[in-house]
Amino acid sequence: MSTTEGRSVHLRTCPLCEAMCGLEVHVEDGRVAVIRADRDDVWSKGYLCPKGTTLGRLHEDPDRLRTPLVRDGDGFREATWDEAFTRCGELLAGVVAGHGKQAVTAYIGNPTAHNFSLGRYVGLFVGLADLPVIYSAGTVDQWPKNVSTMLLYGHMWWIPTPDIQRTDHWVILGGNPQASQGSLLACPDVLGEIEAIRARGGTVVVVDPRRTGTADVADEWVPIVPGTDAALLLAMVHVLFADGLVDLGDLADLVEGLDDLAAAVADWSPERVATTCGIDAATIRRLARDVAAAPTAAVYGRIGTCNQEFGTLASWLVDVVNLLTGNFDRPGGLMFGNPVAWGVNSLPLPDFADGVTFGRWSSRVRGTPEVLGQVPLSCLAEEIATPGDGQVRALVTIAGNPVISAPDAGRLDEALPRLDAMISVDNWLNETTRHADVILPGLSALEQPHFDDLITMWAARSVANYSPAVFPPDDDRPAEWEILTRLGAMIAGFPADDIDVGMLDDGFFAALCEAQGVDPVTTTARYGHGGPERLLDLQIRTGPFGDRYGEVPGGLTLEAVKAAPHGIDEGPMVPRLRELLNTPTGTIPIAHPYFLADLPRLAARLERATTGLVLTSRRHLRSNNSWMHNVEVLVKGKDRCTLLIHPDDAAATGVTDGELALVRSEAGAVEVPVEVSDEMMPGVVSLPHGWGHDKAGTRLSVAREHAGVNSNLLAPGHLTDPLSNNAVVNGIPVEVAPAGA
Ligand SMILES: Nc1nc2c(c(=O)[nH]1)N[C@H]1C(S)=C(S)[C@@H](COP(=O)(O)OP(=O)(O)OC[C@H]3O[C@@H](n4cnc5c(=O)[nH]c(N)nc54)[C@H](O)[C@@H]3O)O[C@H]1N2
Ligand SMILES: Nc1nc2c(c(=O)[nH]1)N[C@H]1C(S)=C(S)[C@@H](COP(=O)(O)OP(=O)(O)OC[C@H]3O[C@@H](n4cnc5c(=O)[nH]c(N)nc54)[C@H](O)[C@@H]3O)O[C@H]1N2
Ligand code: SF4
Ligand SMILES: [Mo]
């Protein structure tokens, strides 16, 4: 921090997305005066987006909760922390005593991955609570990638990422970094990297039903019928084999099942899939040949390839194309990140030590077999609403807004009031938390330190950047790690007024020390404090660049990182496959039977005619899922919650630009303004997700004025990718008509 003339400047990593931009927070008279980019940040070098400049507004938002709220009739009253925790204890103990732990569940939302306390301690919550079933935003996001990564490399979170800073050819399927800033791909200024790829003679191709802002700066846009990426990729693999372009490079000894793969793709010619994908066979051949011919290439699939009917096949095949063309685990291809501070997620997964078994249990109502410990998020509503043994009666939401983000959102909204107990760890009274009995708010981003760990598992470089808190918390409010520890302990059966958070935290820390091969007793004795900061020091010191508590002279410590306020850069990604590979065979089963068994389902898709319109999702640079629409500067101006539709489809359905359309699916209907644009391919319409802020009983004064509609009212909950249990929110059949017609 530097101080001049009453203004202090605090350096800070933006926690909002994977770009992890370095910011300068200028504070005057105890308030944020302005937020600018930190040009000297070793990672982002002066890059930022409009959201990063609003951290002060989020902090100062009068609607942001600073005190626990406890239900009082139809509304809420402010409560002390003691009161709130006591109430949580009563509620949870009541349900556990009456119905057992099977009646309790939790939902873990997206900001958990971006929050200093939550990200490090949600594991302790889950461990203590030991709930039979939990839900997360993962099954509306990247679960297919977790499955393919688990089966191919033996760990669900070591997801390979495109090395875009060194590649010559980047193929993007179902990702729009112009809006999202990159996902499962941490790199600041992705559009700048696209420019750089092209400037060094490389090419960038975007495969997407929409001509996105990313496609606008790429060399080529290839429109694709939603949900058919797996067919496209299979045909590309077919071409690689047929043309003799398969070259595993240095990984030949590690890849197992090549002949099975060749046999499986033999009848997946480009001609066979062309009509289904809406891409002609010659283009498919060229796409495959270009990947093989490029000096280095990275094929990358993101949420458009996951939140769809064949998410797992597509996620698997993305990696297959990279593997087959020698573009895996080498600079310029797909690589594994090398975080300075290992994350709790990156540790070996004891449940899967002997390989993966899916379907160890099934959901009660729908009978869906679990995948990697989760069933579809859309099951939650029916598990609450359907009476019987095992009915869910208590729910803890942690930084999540499933009433907006879950498919079949209307059913969940109707089910939540039936719960006997609902506790939300959340900073706003929003569409989900308005159903809670107790809301426990965390600190604002500026009131707590920050250091990313999970996201750096797929970061372009090994960077360490610690941000101290800018403002001290208002009072002696607990941090979220303490809240999670308490809630976990309550579910475990500890009396609410007799929970020793410090002791539980020490136990957690000791277990993590042991996992890292350092002595828990002497290591714990080094610290006079617990919590995430102690954990972070362990993460850094036992990480790849760490000092291992003195064993490695000159190695990194948290103290050393703190002494470098613009961050420390330990260089680009390095090959790590041989170190990380953790499958039971010690090889990559490229033709794993779990994937091959799904090919008949894809073949059946080829027989299904594509008729009518289908709905897809999109993001906008100025939104962040559902929760930043309460920031006036981000929502003012043009309405961004619109139905994008191609001019031909607008003409055919009779809808008009700027007028309301009625969009109807088997799950529900919404009325939304139309935006006619040839950026959509014909046959596909698009709505942003994260809107629909017109519910009664929320405290979101700005968002309410810019409510938009919830696209998940249209997403049928039964549509899932059966291999991963991931939701299908792209490619939903819809009808569009002028509203009121
Ligand atoms: N149709 C459709 N649906 C989708 C998607 C899509 O593309 N299309 N995308 C899906 C994806 S990828 C995701 S990740 C999910 C997101 O789904 P969710 O995680 O359920 O939704 P968010 O909107 O991120 O909600 C974040 C919640 O955390 C709270 N919050 C924000 N910051 C903090 C904090 O620091 N601490 C605490 N305790 N709470 C905080 C907010 O108030 C809000 O309630 O949505 C999914 N749903
Ligand atoms: N500004 C902003 N940034 C964010 C978020 C946000 O809400 N706002 N959310 C964050 C989160 S939680 C996530 S998970 C990431 C997601 O990051 P991205 O994956 O980049 O997400 P989107 O920007 O939604 O881009 C998805 C693209 O997939 C396309 N698509 C839809 N269906 C298909 C299909 O079947 N096939 C193909 N090939 N493409 C398809 C859509 O048209 C869209 O262009 O973004 C993160 N960053
Ligand atoms: S791109 Fe924007 S939201 Fe993402 S880290 Fe940078 S400033 Fe924050
Ligand atoms: Mo996400």
Side-chain angles (χ1 to χ4, degrees), residues 13-21 23 37 44 47-53 55 58 107-115 117-118 136-138 140-142 172-185 188-189 206-210 212 214-215 224-229 232 301-309 314 377 397-407 409 424-428 430-433 440-445 448 480 483 615-628 680 684 686-690 710-712 714-715 727 729-731:
T13 302
C14 176
L16 295 173
C17 86
E18 297 187 25
M20 304 186 286
C21 298
L23 306 175
S44 58
Y47 182 74
L48 90 175
C49 89
K51 292 186 298 303
T53 64
L55 289 179
L58 286 171
Y107 170 74
I108 298 163
N110 172 270
T112 308
H114 300 270
N115 175 305
S117 269
L118 292 179
S136 81
V140 258
D141 189 341
Q142 81 298 322
I172 306 171
L173 301 105
N176 180 19
Q178 182 275 330
S180 68
Q181 304 298 303
S183 176
L184 301 178
L185 152 65
D189 193 11
V206 172
V207 181
D208 198 300
R210 175 175 172 229
T212 58
T214 306
I224 185 169
V225 172
T228 67
D229 300 76
L232 164 69
R302 202 34 297 260
I303 200 154
T305 59
C306 284
N307 273 345
Q308 56 136 294
E309 199 177 351
L377 174 54
T397 70
I398 300 170
N401 192 5
V403 166
I404 301 286
S405 55
S424 293
V425 183
D426 206 289
N427 298 1
W428 278 273
N430 63 18
E431 297 78 14
T432 296
T433 62
L440 303 168
L443 300 171
S444 86
Q448 56 184 314
E480 281 158 298
I483 299 175
L615 175 69
T616 55
S617 289
R618 68 174 189 269
R619 284 172 165 69
H620 193 280
L621 180 61
R622 302 178 85 92
S623 288
N624 197 12
N625 296 330
S626 75
W627 70 274
M628 285 183 68
M680 292 313 297
V684 185
S686 162
L687 278 176
H689 89 286
N710 183 357
S711 64
N712 280 321
L714 299 171
V729 294
N730 290 305

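Counting starts at 1 for both ligands and their atoms, in listed order. The figures that follow rest on heavy atoms only: side chains count, while hydrogens, waters and symmetry mates do not.
When all heavy atoms are compared, the tightest approach of Leu443 to Asn427 is O-ND2, 3.5 Å. Minimum interatomic distance between Asp229 and Gly304 (heavy atoms only, all atoms of both residues): OD1-O, 4.5 Å. Shown here for Asp426 and Ala399, the closest heavy-atom pair between the two residues is OD2-CA, 4.0 Å.
At least one side-chain heavy atom of Ile404 sits less than 4.5 Å from a side-chain heavy atom of Glu431. Under the 4.5 Å side-chain criterion, counting only non-hydrogen atoms from C-beta, Asn176 is in contact with Arg210. Counting heavy atoms from C-beta on, the side chains of Ser686 and Met680 come closer than 4.5 Å. Residues Thr305 and Val207 form no side-chain contact, since every pair of their non-hydrogen atoms from C-beta on lies 4.5 Å or further apart.
Residue Ile303 has at least one heavy-atom neighbour below 4.0 Å for each of these atoms of ligand 2: 14 (S), 18 (P), 19 (O), 21 (O), 24 (O), 26 (C). Taking every non-hydrogen atom of Gly227 and a distance limit under 4.0 Å, the qualifying atoms of ligand 2 come out as 34 (C), 35 (O). Every atom of ligand 2 is numbered from 1 in the order shown, and the set under 4.0 Å from a heavy atom of Ala179 is 1 (N), 2 (C), 3 (N). Taking every heavy atom of Leu621 and a limit of under 4.0 angstrom, the matching atoms of ligand 2 come to 1 (N). Atoms of ligand 2 lying under 4.0 Å from any heavy atom of His620, numbered from 1 in the order shown and given with element: 1 (N), 2 (C), 8 (N). The distance from ligand 1 to the heavy atoms of Ser711 drops below 4.0 Å at these ligand atoms: 1 (N). Heavy-atom contacts of Tyr107 reach the following atoms of ligand 1: 17 (O), 18 (P), 19 (O), 20 (O) (cutoff under 4.0 Å). In summary, the atoms of ligand 2 found under 4.0 Å from a heavy atom of Ser183, numbered by their order in the structure, are 13 (C), 14 (S), 15 (C), 16 (C), 17 (O). For ligand 1, the atoms sitting less than 4.0 Å from at least one non-hydrogen atom of Val729 are 1 (N), 2 (C), 8 (N), numbered in the order shown with element in parentheses. The distance from ligand 1 to the heavy atoms of Asn110 drops below 4.0 Å at these ligand atoms: 14 (S), 19 (O), 24 (O). Against a heavy-atom cut-off of under 4.0 Å, Asp141 is close to the following atoms of ligand 2: 14 (S). The contact set between ligand 1 and Asn430, taken as ligand atoms under 4.0 Å from a residue heavy atom, comprises 42 (O), 43 (C), 44 (O).
Qualifying side-chain hydrogen bond (donor to acceptor under 3.5 Å, both in side chains) partners for Ser626, counting only residues two or more places apart in sequence or in other chains: Asn401.
The single protein non-hydrogen atom nearest to atom 33 (C) of ligand 2 is Gly304 O, 3.6 Å, given as residue, atom name and distance. The protein heavy-atom contact nearest to atom 25 (O) of ligand 2 is Asn176 N, 3.3 Å. Remark: minimum distance from atom 42 (O) of ligand 1 to any protein heavy atom is reached at Asp426 OD1, 2.6 Å. Summary of contacts: the protein heavy atom closest to atom 40 (C) of ligand 2 is Pro209 CD, 3.3 Å.
Taking distance alone, with nitrogen or oxygen atoms compared against 3.5 Å, Asn712 approaches ligand 1 more closely than that limit. Between Val425 and ligand 1, an N or O atom pair is found at a separation short of 3.5 Å. Among the atoms of Gly174, some N or O lies under 3.5 angstrom from an N or O of ligand 2. Checked by distance only, ligand 1 and Gln448 stay at 3.5 Å or farther apart across all their nitrogen or oxygen atoms.
When heavy-atom distances to ligand 2 are checked against a 4.0 Å cut-off, Ser617 comes that close only through its backbone atoms N, CA, C and O. Contacts of Ser623 with ligand 2, taken as heavy-atom pairs under 4.0 Å, involve the backbone alone. Under 4.0 Å from ligand 1, the heavy atoms of Asn115 that appear belong solely to its side chain. Under 4.0 Å from ligand 1, the heavy atoms of Arg619 that appear belong solely to its side chain. Both the backbone and the side chain of Ser626 come within contact range of ligand 1, each with a heavy atom under 4.0 Å. Of the heavy atoms in Val140, both backbone and side-chain atoms come closer than 4.0 Å to ligand 1. Only the side chain of Glu480 comes within contact range of ligand 1, with a heavy atom under 4.0 Å; no backbone atom does. The side chain of Asp229, and not its backbone, has at least one atom closer than 4.0 Å to an atom of ligand 2 (non-hydrogen atoms only; side chain from C-beta on). Contacts with ligand 2 closer than 4.0 Å are made by side-chain heavy atoms of Thr212 only, the backbone lying farther away.
A distance-only check finds no donor-acceptor pair linking the side chain of Asn710 to the backbone of Ala409 [under 3.5 Å]. In terms of modelled atom types and a separation under 3.5 Å, the side chain of Glu18 and the main chain of Leu184 share a donor-acceptor contact.
Under the 4.0 angstrom criterion for non-hydrogen atoms, Arg618 is not in contact with ligand 1. The shortest separation from a heavy atom of Ser405 to ligand 1 is under 4.0 Å, placing the residue in contact. The shortest heavy-atom distance from Lys51 to ligand 2 is under 4.0 Å. Contact annotation: Thr432 has no heavy atom less than 4.0 Å from any atom of ligand 1. In this structure, Gly690 falls outside the shell of residues with a heavy atom less than 4.0 angstrom from ligand 1. Taking a 4.0 Å cut-off on heavy atoms, Ser686 fails to register as neighbouring ligand 2.
Counting only protein atoms, the N, O or S atoms lying less than 2.8 Å from atom 8 (Fe) of ligand 3 are Cys14 SG, ordered by chain and residue number.
The residue from Asn625, Val684, Asp208 that puts a heavy atom closest to atom 43 (C) of ligand 2 is Asp208. Of the listed options Ser180, Cys49, Gly109, Ser180 places a heavy atom closest to atom 20 (O) of ligand 2. Closest to atom 34 (C) of ligand 1 by heavy atom, among Asn401, Asn427, Ile483, Asn730, is Asn427.
A salt bridge links Asp141 to Arg302: at least one charged side-chain nitrogen sits closer than 4.0 Å to a carboxylate oxygen.
At a cut-off of 3.5 Å, with distance as the only test, a side-chain donor of His689 or Asn625 sits close to an acceptor on the other residue. Ser180 and Arg619 are not linked by any side-chain donor-acceptor pair at a separation below 3.5 angstrom, with hydrogens and angles left out of the test.
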Test log, rule side chain to side chain contact (heavy atoms under 4.5 Å, CB included), inputs Val729 and Leu615: CA-CA 8 Å; Val729 294; Leu615 175 69; over 6 Å; no
